[in-house]
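These notes are about the structure you will find just below.
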Amino acid sequence: MYTFATRILQLLLSSMNGRMNVVNKDKLPQNEPFIVVCTHKSWIDVVCLGIALYPTPIHFMAKKELFNKSFIKKLLKKLNAFPVDRSNPGPSILKIPLQLLKKKQVVGIFPSGTRNSEEKALKNGAIHIASRASVPIIPAVYVGPYIIRDLLGRKKRFIIFGDAIHVPKMAKDKEAVTEATNEVISKVFEELKSNI
């Protein structure tokens, strides 16, 4: 289902907007698990990230409210999404992504929430998961239209990948490691955006 949906969406967006530009895909680890963190404003950047990483599937962390309706819940699960309580993240936020990474899968996290506290919590989650699983974080930025009208206007779409960020084991001073990594991710996001 994931592969079929990705190909259909790729063809649909290409027909509306032309081919997407994927920059620095060679920076992605090969045959190894990793976490990709990407900027996020609408469903379009989620779809574009999935297309950019194809044929590698991504297991997306999604807000639990999206899973309230039975049909949507089934669809999201078939598209490799799993729920997380973004407003109250606890120890359970680690369980599913750690299991996926252990199976050498790729986990996608969109830390750009609607509130600053939410954004920080999601970034912290990615950092703690990467540290526990000993996998790199790959930063990604989407640049392009966020609404259908702009897609039809043929505005160019880009997914830009950055260098891998390696998080040390947090045996001591977890707060310092988390804050330092957060600063790195935020800085990389801004640098990648400025490349276009």
Side-chain angles (χ1 to χ4, degrees), residues 2-3 6 10 20-41 44-62 79-82 84 86 89 93-113 118-144 157-196:
Y2 179 91
T3 298
T6 302
Q10 186 177 30
M20 181 174 66
N21 299 279
V22 181
V23 182
N24 298 332
K25 191 170 181 177
D26 58 308
K27 292 182 182 289
L28 299 178
Q30 299 299 310
N31 303 314
E32 294 294 335
F34 61 91
I35 296 169
V36 58
V37 292
C38 187
T39 53
H40 176 49
K41 288 186 180 178
I44 295 174
D45 45 40
V46 178
V47 171
C48 288
L49 181 64
I51 291 170
L53 265 78
Y54 185 82
T56 301
I58 310 175
H59 296 264
F60 294 104
M61 186 180 284
L79 294 175
N80 291 351
F82 59 92
V84 63
R86 302 196 305 180
I93 198 173
L94 304 176
K95 184 177 180 181
I96 295 175
L98 286 173
Q99 289 173 344
L100 290 166
L101 292 165
K102 191 174 182 179
K103 295 175 183 176
K104 297 190 180 297
Q105 300 297 312
V106 174
V107 172
I109 299 176
F110 298 89
S112 302
E118 181 180 276
E119 180 175 343
K120 186 174 180 181
L122 287 170
K123 275 187 186 174
N124 290 354
I127 293 163
H128 284 273
I129 294 163
S131 175
R132 288 273 296 272
S134 297
V135 299
I137 294 174
I138 303 296
V141 164
Y142 169 77
V143 178
R157 293 173 293 130
F158 296 84
I159 287 283
I160 312 145
F161 294 108
D163 292 319
I165 298 168
H166 297 276
V167 184
K169 287 291 184 183
M170 297 187 186
K172 296 180 181 179
D173 210 355
K174 292 182 180 180
E175 287 188 13
V177 172
T178 302
E179 286 301 317
T181 311
N182 251 324
E183 288 182 16
V184 170
I185 293 172
S186 297
K187 185 177 180 181
V188 171
F189 276 171
E190 290 306 314
E191 287 176 351
L192 292 177
K193 287 178 188 175
S194 69
N195 287 336
I196 299 299

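Hydrogens, waters and symmetry mates are skipped; everything else that's a heavy atom, side chains included, is used.
Listed for the Ser194 side chain is a donor-acceptor partner under 3.5 Å among the backbone atoms of Glu191. For Gln30 (side chain) and Leu28 (main-chain N/O), a donor-acceptor pair under 3.5 Å exists by modelled atom type. Using a distance-only test at 3.5 Å, with no hydrogens or angles considered, a donor-acceptor pair links the side chain of Lys25 to the main chain of Ala52.
With a 4.5 Å cut-off on side-chain heavy atoms, Ile137 and Val167 count as touching. Counting heavy atoms from C-beta outward, Thr39 and Lys193 have side chains that approach closer than 4.5 Å. Looking only at side-chain heavy atoms (C-beta outward), Ile185 and Ile127 come within less than 4.5 Å of each other. Side-chain contact between Gln105 and Pro33 is absent, with no heavy-atom pair separated by less than 4.5 Å.
Between Thr56 atom OG1 and Phe34 atom CZ the span is 6.0 Å, to the nearest 0.5 Å. Of the inter-residue distances, the one linking Leu98 atom CG with Lys103 atom NZ reads 12.0 Å to the nearest 0.5 angstrom. The distance from the OH atom of Tyr142 to the CE atom of Met20 is 8.5 Å, given to the nearest 0.5 Å. With rounding to the nearest 0.5 Å, the separation of CG in Asn21 from CD1 in Ile160 is 9.0 Å.
Nearest approach of Cys38 to Leu49, heavy atoms of both residues: CB-CD2, 3.8 Å. Nearest heavy-atom pair across Val46 and His40 is CG2-CE1, 3.5 Å. When all heavy atoms of Gly162 and Leu192 are compared, the closest pair comes out as N-CD1, 3.8 Å. Residues Leu101 and Ala133 approach most closely at CD1-CB, 3.8 Å, considering heavy atoms. Taking every heavy atom of both residues into account, Ser131 and Lys169 meet most closely at O-NZ, 2.9 Å. Looking at every heavy atom in both residues, Phe82 comes nearest to Pro97 through CE1-CD, 3.9 Å.
Screening Val135, Leu100, Ile129 against Val107 for a side-chain contact (heavy atoms from CB on, under 4.5 Å) leaves a single residue, Leu100.
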(message) One pair to check against side-chain contact (heavy atoms from CB on, under 4.5 Å): Phe161 and Asp26. What are the steps and the verdict?
(response) CA-CA 9 Å; Phe161 294 108; Asp26 58 308; over 6 Å; no

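Within a 6.0 Å sphere centred on NZ of Lys187, heavy atoms belonging to other residues, nucleotides or ligands number 12 at most.
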